[in-house]
Every structure is written in structure tokens, then in C-alpha cells.
Amino acid sequence: MKVQHVAEATWWLELESPDIARRAEWGQFVMIGFGVDHLDPPFLPRPFSVGWRSEEGRVGLLVRVFGAGSRRLASLRVGDRALLLGPLGRPFHLAPGKPVICVAGGVGLAPFLFLAGEARRDGYDVRLLYGEGSADRVFDPALIERLTGEAPVVWTEDGSLGHPGRVTDGVDGAGDQAVLVGDPTVLACGPAAMLRALAGRSAREGFRLQVSVEEHMGCGVGTCQGCVVPGADSRWRKACTEGPVFDASELAWSS
Amino acid sequence: MKVQHVAEATWWLELESPDIARRAEWGQFVMIGFGVDHLDPPFLPRPFSVGWRSEEGRVGLLVRVFGAGSRRLASLRVGDRALLLGPLGRPFHLAPGKPVICVAGGVGLAPFLFLAGEARRDGYDVRLLYGEGSADRVFDPALIERLTGEAPVVWTEDGSLGHPGRVTDGVDGAGDQAVLVGDPTVLACGPAAMLRALAGRSAREGFRLQVSVEEHMGCGVGTCQGCVVPGADSRWRKACTEGPVFDASELAWSS
Amino acid sequence: MVELRQSVFGVEFQSPVLLASGTCGYGREYAELIPLDEIGGLVTKAVSVEPRVGNPPHRIAETPGGMINAIGLENVGLRRFIGEKLPWLRENLRRAHVLVNVVGRSAEEYAAVVAGLDGEEGFLGYEINVSCPNVEGGTMFGTDESALAELVGRLRRETERPIIVKLTPNVPDIGIYARICEESGADGLSTINTFPGLLVDVDRRRPVIGNVSGGVSGPAILPMGVYLTWHAALSCSLPVIGIGGIRSGEDALQYILAGATLVQVGTALFVDPSAAKAVHEGIVAYLDRTGTGTIGELVGALEARGPVLA
Amino acid sequence: MVELRQSVFGVEFQSPVLLASGTCGYGREYAELIPLDEIGGLVTKAVSVEPRVGNPPHRIAETPGGMINAIGLENVGLRRFIGEKLPWLRENLRRAHVLVNVVGRSAEEYAAVVAGLDGEEGFLGYEINVSCPNVEGGTMFGTDESALAELVGRLRRETERPIIVKLTPNVPDIGIYARICEESGADGLSTINTFPGLLVDVDRRRPVIGNVSGGVSGPAILPMGVYLTWHAALSCSLPVIGIGGIRSGEDALQYILAGATLVQVGTALFVDPSAAKAVHEGIVAYLDRTGTGTIGELVGALEARGPVLA
Ligand SMILES: Cc1cc2nc3c(=O)[nH]c(=O)nc-3n(C[C@H](O)[C@H](O)[C@H](O)COP(=O)(O)OP(=O)(O)OC[C@H]3O[C@@H](n4cnc5c(N)ncnc54)[C@H](O)[C@@H]3O)c2cc1C
Ligand SMILES: Cc1cc2nc3c(=O)[nH]c(=O)nc-3n(C[C@H](O)[C@H](O)[C@H](O)COP(=O)(O)OP(=O)(O)OC[C@H]3O[C@@H](n4cnc5c(N)ncnc54)[C@H](O)[C@@H]3O)c2cc1C
Ligand SMILES: Cc1cc2nc3c(=O)[nH]c(=O)nc-3n(C[C@H](O)[C@H](O)[C@H](O)COP(=O)(O)O)c2cc1C
Ligand SMILES: Cc1cc2nc3c(=O)[nH]c(=O)nc-3n(C[C@H](O)[C@H](O)[C@H](O)COP(=O)(O)O)c2cc1C
Ligand code: FES
Ligand code: FES
């Protein structure tokens, strides 16, 4: 167990879990909790993307504090024990040989730390666009470079670091060279509004888009039916087993 | 905050609380808990006797693990914060100039660590009789001597340390010289059966006996009426404000 | 500056936060730990015509996320309440309001307490505890529609002071009881009292609580209390006092948004006597942070369709 | 060697521990995480005649010491249950028993599910969920005495398999409903389903749950569940399945001592899927430690006088 404060309200956790480390695929998540003896939040385990794994069996999670549950996770100390269930859910699917554009909003960065590093090693051309509100929230670009082999293109809404504006602007190539070239696969993880904006563009412009969505989860394995998101066919989809990664066209995007 | 494992299932806690340290009287207790953000046991604060105090404002508690609440207290770590309310309850009252006999069963030792040391300094002739089931439960006699100025007379039921038998035997002077001499005040804290045995003798033999009783507590200050014990006049007594120290004759002792 | 004052029951409450019956004694016990005169007020321990001795120990125990109690309504009775408890409240609480929690075994007993107290000074009105077993009929006023209507109507004839009826949670439709109280002349409702519970000592194979069963309170019941407060508030036009598991300003705001005009803090006081003041301050901070001018704007401001049940 | 086997509902249960409806899907989802065939069995997610789409998100959220859910009984419906879910259960559970949780909007709908399933193989009997709003009458079978009697009587005529009625907790006297079930021909009771609750997002001033209100489960409701199980078991002679907040062998033993023959583990599975097996092992350890030969000796062995309520 290693815990490191990496940005405003954001912690990097490394946990021992050889089984999850070995089996995890890009975009999958774990449920992390503290077992049945623990009543304080998180009483229900919380979903977090696999943000990294090591050969030695460690799993990295990028945890941003939203409420009491994530606050407790962020206050874990070396020697504490947590309960991990995973790896869970459907991963991202890359189109063989095609370039990959990862669009990360906030802690939506987590799955791409994992994916970008390994996919590059597998020979993919991966570009990582990473947006935050402001510089103090940004996960150190040098650290990202160390984890993924390349520094990300950073956007901040207040312009305090990298390009000013929203990370979705980056998809246009604003402030940078064009990115939507070579029949890329776009992968996105971040706030619902960001995913919706990208889904709209993908529908209009026809690029392949996979999104990783968030919803409250109970079981993480498909039994509780708690985690549904609306499908394009007006059927619900379970974020835990049918997602969290969906083809954007599979989901209903009406606000 | 200092935490020390002192005997089987038994911990010694020292906490910073200048106000309680200054005001505590022998036999008083504190309610210790973790505040309203904490749901795991102890959710309700738990009563513990003041077991020691220092000039510098530290308070010592002797904690034996019975259930989940005391287990959590015993697992406190340096730097953790707890909520203390106190000092609470009626203290022991010594008869000026008369010898004092403290009869401690198990962690019933706690109030006497506090009382014996200070009362001796105040010139009282104090004898401490201390019983446990077996040697591994005994709080180190050398430590007791350091805290109170004199080693206790130890009894263990299995005879693995000190005198074999029950500490109540010690009141007879069994295995030692006679103790019920010089019109002593007997003070007792320990299991209900021990207190009952002593109360029976006190009624028959006429020696002064004060007992410190235990009951589940909610508020510790007299508002919840949760902590009652039966009085001799078939009225209930609140252990928190009318006790925990009672004249044995005030209580009903029928099993 | 945010405004926490509200006019309710014909008087001004400087804060929506009160202390719940049975968790603050008769006020005095907490006088050194809680700045009583800075909060909305308190509800006394139940008062019955004759003193009650209460139940054998254990009377309380911890449960997951809460506690169980079976005090058995131990109290000094009407006469000693007037002689020993009320004077302190009268003299020491200037701005905070006092409600007297009333219990009885029959409508007559309730009426006797109200009649006996009504001429005294030092309290605002009554909180009628109808979750107390009616020994005569073997039922409870709080779960018997006609008995409740009769009781409230009868008490209405005894007093012009505010009558607030404290409802029990274990009914299928609390709205029915809310409307009965309104129609019978009550001035307000308190929701909710404790849930019946049983805690077993598996080693001794006996109930932990001397009285066998008891009432469950504390954070564990918060979502039930908010639901029942919302349901009761939507079912009638009386002001409702929200109770159950409150330990922070946000908890209190859940009740207020759901329709509570005032709230009470109970079990949390045992955990930390400063909780009542902290709840008050948490509400102030929320009003500040959200730019809400007065607390009245929040009462019942929850955007949600009504209960599915009738 | 301790003996956990019991004969109930005409068959042998190798363990008193089952998985609760709605918390274990149709079994298959947990097949890799829980040794299903080593416990007593499981209760399926509710099955209705027609498929149900269920409620909008959020469907679940955490509450103090528990959770709230409003799934809306989403299920694949009778036909697909038979075609897609039952075969797996039939083939994979040899020793564990399956109860099918049944819901309907009317007695006809309940009867249609039972009639449609009765000829199939792969399950033992039915758990009838009567805490589901009856849209026609605007009431619930579980809180309407005559509707409940009629429903159970009607289902009794449809099947010879065990009928276990799952009661709702929010009634003043669960004993009345227990007796009605017994008199109408039920074979057992399940106590309890969730408590209605409401969780407010104070920043958005909206309910957290898409359906507004939901059902509260988890450790928070344990003492209420034990009380209601005890009360129901004392009120009739049917075997009772205890449910609510169980997460350890000791929790289960509270229910068993209070009168439950079997128990179900629900919410705790989300926290740790191995909880069901741990509950089973905790019971074994208790029997070992206390020198109890068979679990049957413990059922209802609580030393306590009966409920005060009628
Ligand atoms: C597949 C998936 C992967 C995720 N990966 C990451 C990650 O890598 N890093 C990261 O910081 N966050 C991640 N999240 C979000 C993270 O799970 C939530 O921030 C966390 O659960 C909040 O818990 P809390 O107790 O702090 O918040 P709460 O106080 O409970 O609520 C704050 C917010 O958290 C969300 N939330 C609450 N309960 C749940 C629940 N049971 N399940 C899911 N969300 C809930 C709600 O949106 C709520 O508004 C992911 C979520 C999902 C679904
Ligand atoms: C005035 C007083 C002074 C005490 N001093 C000491 C001391 O110095 N050292 C020490 O080790 N112990 C002391 N105790 C006992 C201590 O309070 C209990 O051991 C502790 O509360 C057990 O909590 P638990 O959660 O571990 O046990 P639980 O699992 O809750 O139950 C174990 C036992 O603890 C007791 N208990 C449970 N809840 C409460 C409650 N709310 N209040 C009181 N007792 C409860 C019961 O007897 C129960 O059988 C004292 C008790 C009192 C009343
Ligand atoms: C120890 C204790 C004693 C109580 N006594 C009374 C009482 O005398 N009259 C009453 O109406 N409610 C009584 N209650 C119920 C509380 O007033 C309150 O309704 C309930 O505890 C829920 O609130 P909480 O979760 O904040 O404690 C008592 C509660 C507790 C815990
Ligand atoms: C997510 C979820 C879904 C549920 N669905 C059903 C259901 O379909 N039918 C039913 O009878 N009970 C349902 N329940 C209630 C449980 O079966 C159980 O009665 C309740 O959760 C209390 O047990 P617990 O505290 O162990 O969870 C559901 C509970 C949860 C948490
Ligand atoms: S989290 Fe339970 S079904 Fe998805
Ligand atoms: S502990 Fe509350 S009155 Fe004694």
C-alpha cells in the first residue's frame, strides 16, 4: 500500500493485488471497500478505474475526493487493508493499427494512465488529451510521462496550465495540430457533459467513440441492477457489466 | 496520545486533556468516543475510569477489550483523535485519617491506580488488593508500583501469579496479614459477583464499603436515564450521576 | 446575513434546531455543555400524571449505526415536574422554547397532564407522544385512527397552547394520521419516534435490553425519518418537526427540504453534546454558501413528486 | 460435528443461509464469487408476468449504516425467466434450493406467475413479495388484511409447492399479517423487506434516488428485522426466514434465536460477496464453541416474554 497526494483533492494509491494486476484490461475497474465490519462511508464499495498495474502485482488507483467515501480512501495509510473486487466490466477495444485518441476530463484520466502506457508499448499511436479546471488539479505531466511514455496535452479551463479551454477543444486540434486524422478511435472518460459533447460530434462527424460512464454501483457484478444508464434503444444498460465502456452510439445522449 | 499493550487484551492509553486531568477526582470516569462522524462501534461513547493523570495534562485509561468498541479504542494509534467528556460521576470518599483498602477485580484496577498513588501522597495508608484470572492478564506489578508508590497484593484464580484464589479472599487476610483493621474504608471495583460478595460481608461485618458499578451508558451526564442500577429502596439510581461510586448499602444486592 | 428565525406555533424560533425528548432530560443536565438559549429549544422527557419507575437495565445498547433504548418513560410525574423541573426551565431559557412531552395510558391521563400544566409558565406547548402502549385497550393511540382523533380532540379542549403530535413510524401510511391530527385540531406534528427493535445477546441467548424490545434511533433511521417527514408534510398543512438520526447541518437540511419547519437532535447529543450547536451552524453555513436569504425558503423546497402510496 | 441441516418446506436445507431476493440476480452472476451449492440456497430477483423496465437512475445510494434502493423490480418477465434463467439454476444448483420471488400488480398477475412456473423444474417454491404497490387498488397486499388473505388463498389453489410470504415491516402489528398468511394456507414467512426511505441531495435540492423514495436495507435495519421476525414467529406456527442487515454469524444467530429457521443475506453481499459463506461459517463456529449439537435447538431459543403489542 502506497498513498501519495498528487494534486488538489487527488491521491494516488498503489495496492498489492497480483490477481487483479495480472488480469486487468484497459478500461476495467475495481470495487474498493473495507468489508462488512465497516459501517462508515464507504460502506458500499466504490468503483475506481484501474489506473496502472505492475509486473510485481501492484494496482494503481487515482482517487479524487468527492464525498465521504473517497475521502476515507484518500486517508488510507500504509499498512491499512482494503477489499478489492475485480477486474470488472468491459474494457476499451482498440482498432488494430489505428491511432488512439484518449480524451480525459479530470480523474477520467485514470484509465488512460493504464491504457496509454501499455498500448504504446504494443505499438499503438496514442495521443492523450487531458483537461482539468485549473493547474492545481492537474496530475503532474512529468509523472504521466513516466507512467505512459509521453507527456499529455494539457488543457485547463482557466488557462493556468497548458492550453486554455476545454479538453474537447483539443479534439478539434485547437492550440495543437489536427488530431482526428488516420481514422482514429476516440476514447473518452470524464464528466457527463464532456461525454455528451463528444458523442454529439461523433454522431455528426462519424468517428469511432468509446466512452467510459459513471453511475452509482452496488455490487459491481450485475446482480443488483443499481447502475443503469439509458441505452439508445430505450433499454437500460448496466454500467458494471455491459459497461463501463460503451460505444457512444449504444447510449441515449439526450440531456 | 500514547498506547501500550500491558497485559493480555489490555491496553494503557494516555491522552492529552488538561481540563480533565486538572479536575478529575478519584473514582470519576470519562466518556470516550469518536464524534458524530463515526458510525462503527463505539458509536455511543464508552465509560472508562480515570486511571491516572499527570501535571502536564495527560489522562491515563486502562482499557480491556470486551467487544467491538473497546477493541477500536485499543487499536488507537499515535496521532488519532478521540472525544473525551469528563470528568464525570461521584468519586470515592475517604474517611480522613482512616486506612484505605482497595479491592480491584480485573480492569477494576483502573480507578485505584489513580487513587492509590495520590492518596498515599496525601498521607493515607492505602493497601491495594488486585485479582485477575491468571498471570497473563495482570497489569505489571512493577508498573503499578511506579504509578502508585507501592506494589499491589496480587491474586490469580489459577494461582499463576501472586496468591492463588480470589481477590476477595484477600480481604480476610488469607495468604497475607489481616487487613480489616483500624476501621478501614473498603473501596471496590470489579465484576458484579465480586461486588456482591463484598457487599454481603460489609452488611454482616459492618465495615464501610464503597463500590464502583458498571452499566451501559448513553450520555454519561444524567439525561438519558439509560444507566440505572437498583437501589436498596427499590428506586433506580443513575450510575453516571448518582454513581458510579455508591455506598454499598445504597444498592440492592439480590442476585 | 442569513435569517434563521421563523414564526411557528405563534412565536418566533431563533433557530430551527431543538433537542429531542428523552435525550436532554429537563434541560438542566446539559446546561453546562450546550448553549441552550442559543438554539431553538428543547422537548422535555415525557411527563405522565403519576411518576413512573421505568424499565430494568440494560436500558440502552448500541446497534449498527444507532442505538436501542427502553427507558420505560421513567419520569418524576406531573407534580414534581411542576415543582422541580419547570422552574429551572422558566428561569434559564429566555429565547429557547420548551415543549413538554406528554404520555398517558388513557386519554384521561393525557388530559390530566395538559390540564395540570396549562396554568403554569415556562413552556410553550405540548408534544403528545402517542407511541406509548395504551394498557387498557391493548393498542396505541398512534396506530388507531379513531383513538387518535378522540385524543387530539379532547386535548384541544383542554388548552389553547400549541399541541404537536409525535407520530410513530411503523404505520403503512403516515399521511392518514397526519390528516387526522390536523382535522382534530392539532397545531403541528413531530416525525418520528423510534422504530421497534430487538437486540439479542447470542452468548446468553437473551435480549440485551431488560424490557426485551426497545426503540431504535440514531443515524440508521435518518432516511426513514426524512421519508416519513416528507410524507406527513405533503399530507396536511401543519408545520412538521423532523426527527431521526440528525447529526449535521446537512442531515437537518434533508428534513427541512423534505418539509420540516423545525428539527430535533436526539441520539447525536450522546455522541457529542456539541452536535446541536453544530447542526445549527451547519445550517447557517449552508444558507451562506448557497446564498439563501431565509430558512423559510428551504422548507419543503424539495423538487419531487409526492409519495406513491395513497 | 455440528449439524446445520434442517428439514423445512418438505426438503432438507444443508445450511440456514440463503441469498436474498434482488441481491444475487439469478444466481449465475455470483457463481464465480460465491460457492452457491455450499449454502442453503437463494431467492431470485422478483419475477413478474411481463418484463419490467424498472426505475431511472440513481437507483441506489449509501445511507448511514446501510443503503437505499429503488430498482423498480426490473426483471425479464416470466417467459424469459423460464427460458434464460431457470435452466442455469436447474443445472448448477444441486444441493442449494431456489425460491422464486414473485410480484404482481394484481392477484391475477401473481397467480399467472405461479401458474406459469409451476410445471417447470429447478426451483423449490415461491417467495411472494407483497410489498409491491397494487396499482389497481392504490394499496399494497402487504398492508391490507383482506387483500392479503385473498391473494394467499388464491395462490394456494395454484400450487402445491411451498408458498413463503415476504412481509413488509411498516405495519403496527406484523403478527396480524403472519396469522393471516398461516390461515390462508402459506407455508412460511420471510421477514423483512426494506423500509421506505428518502435521501435528499441538499445541494441539488432533489432526491438522490431517481424514483424519489426507495427501500432501506443493510446493518441499519438489523434490530428492526430481528424484532419483526421474533414477533411474526411468536404469532403463528409457520417457519420464518429472517432477513435484514445480516453480515455475520452472530447477526444470523440473533434472528435464529428470535425464531427464524432460515436466514437471508442481502446488502452484505455487495460489500463482500464472501459474506454469505462467512455467515454460514460463523454459525458453525458458534455451534462448535457453545457445544450445541444441532441448529434446530437454537431456533426460537431466546428467553424472553412475548411482544407487548397485541
Ligand atoms: C466505472 C467507474 C470508474 C471510476 N473511476 C474513478 C477513478 O479512477 N477515480 C476517481 O476519483 N473516481 C472514479 N469514479 C468515481 C468514484 O467512484 C466516485 O467519485 C466515488 O464513488 C464517490 O464516492 P464518495 O463516497 O466520495 O461520494 P458520495 O459522497 O457518495 O457522492 C459523491 C458522488 O459520488 C458518486 N457516487 C456515490 N455513491 C456511488 C456509488 N455507490 N458508486 C458510484 N458512484 C457513486 C455520485 O456521483 C455522487 O454525486 C469511477 C466511477 C465509476 C462508475
Ligand atoms: C463507570 C465505568 C467505568 C469503567 N471503567 C473501565 C476501565 O477503566 N477499563 C475498562 O476496560 N473498562 C471499563 N468500563 C467498562 C467499559 O465501559 C466496557 O468494557 C466497554 O464499554 C465495553 O464496550 P465494547 O464496545 O467493547 O463492548 P460491547 O461489545 O458493547 O459489549 C461488551 C460489554 O460491554 C458493556 N457495554 C456495552 N455497551 C456499553 C455502554 N454503552 N456503556 C457501558 N458498558 C457497555 C456490557 O457490559 C457488554 O456486555 C467501565 C464502565 C463503567 C460504567
Ligand atoms: C434514550 C432515549 C429516550 C427517549 N425518550 C423519549 C420520550 O420520553 N418521549 C418521546 O416522545 N421520545 C423519546 N425518545 C425518542 C426521541 O425523542 C427521538 O424521537 C428519536 O430518538 C429519534 O431521534 P434521534 O435519532 O435523533 O435520536 C427517546 C429517545 C432516546 C434515544
Ligand atoms: C438492490 C436490492 C434489490 C432488492 N430487490 C428485491 C426484490 O426484487 N424482491 C424482494 O422481495 N426483495 C428485494 N430486496 C430486499 C431484500 O431481499 C431484503 O429483504 C432486504 O434488502 C433486507 O435485507 P439486507 O439488509 O440483508 O439487504 C432488494 C434489496 C436490495 C438491496
Ligand atoms: S452495480 Fe450492481 S448491477 Fe451494476
Ligand atoms: S448514562 Fe445517561 S443517564 Fe446515565
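Protein chains get the first letters and strands the later ones, always in sequence-line order, with residue 1 at the start of each. Values reported hereafter were calculated over all heavy atoms of this structure, with side chains retained and with hydrogens, waters and symmetry mates removed.
With a 6.0 Å radius and a threshold of 12 heavy atoms from other residues, nucleotides or ligands, E32(D) has its CD atom at or below the threshold. More than 12 heavy atoms of other residues, nucleotides or ligands sit less than 6.0 Å from atom CZ of R289(D). Other residues, nucleotides and ligands place more than 12 heavy atoms under 6.0 Å from the CD atom of Q4(A). Atom CZ of R166(A) has 12 or fewer neighbouring heavy atoms from other residues, nucleotides or ligands inside a 6.0 Å radius. Within 6.0 Å of the CZ atom in R208(A), the count of heavy atoms belonging to other residues, nucleotides or ligands exceeds 12. For R90(D), the CZ atom is densely surrounded, since the number of other residues' heavy atoms within 6.0 Å is greater than 12. Surrounding CZ of R201(A) are more than 12 heavy atoms belonging to other residues, nucleotides or ligands, all under 6.0 Å away.
Contacts with chain D were tallied for C224(A), G222(A), G35(A), G69(A); C224(A) has the most, counting heavy-atom pairs under 4.5 Å. Counting heavy-atom pairs under 4.5 Å between each of N69(D), V208(D), D272(D) and chain A puts D272(D) at the top. For the set H58(D), E29(D), K45(D), the entry with the most heavy-atom pairs within less than 4.5 Å of chain A is H58(D). Heavy-atom pairs under 4.5 Å with chain A peak, among G210(D), P273(D), G66(D), G27(D), at G66(D). Comparing A275(D), P219(D), G54(D) by how many heavy-atom pairs each has under 4.5 Å with chain A, the most go to P219(D).
With a 4.5 angstrom heavy-atom cutoff, P56(D) touches chain A via backbone and side-chain atoms both. In this structure, chain A has no heavy atom under 4.5 Å from any part of L269(D). Contact of M31(A) with chain D is not made at all, since no heavy-atom distance falls under 4.5 Å. The parts of A61(D) that come within reach of chain A are both its backbone and its side chain, each placing non-hydrogen atoms under 4.5 angstrom from that chain. Contact annotation for L44(A): both backbone and side-chain heavy atoms come within less than 4.5 Å of a heavy atom of chain D.
In this structure, R247(D) CZ and D37(A) CG are separated by 6.5 Å, a value rounded to the nearest 0.5 Å. Between the CH2 atom of W236(A) and the CD1 atom of I71(D) there is a distance of 11.5 Å, given to the nearest 0.5 Å. Considering OG of S274(D) and CG of L83(A), their distance stands at 7.0 Å, rounded to 0.5 Å.
Taking P18(A) as the reference, nothing meets the side chain to side chain contact (heavy atoms under 4.5 Å, CB included) condition, with sequence neighbours excluded. Remark: P35(D) engages E38(D), K277(D) in a side chain to side chain contact (heavy atoms under 4.5 Å, CB included) (not counting sequence neighbours).
At least one donor-acceptor pair closer than 3.5 Å links the side chain of R59(D) to the backbone N or O of Q225(A). Side-chain atoms of E62(D) come within 3.5 Å of backbone atoms of F43(A) as a donor-acceptor pair (strictly under, hydrogens ignored). Although no hydrogens or angles enter the test, the distance criterion places a donor-acceptor pair under 3.5 Å between the side chain of H216(A) and the main chain of I60(D).
Side-chain contact between T223(A) and T23(D) is absent, with no heavy atoms from C-beta onward closer than 4.5 Å.
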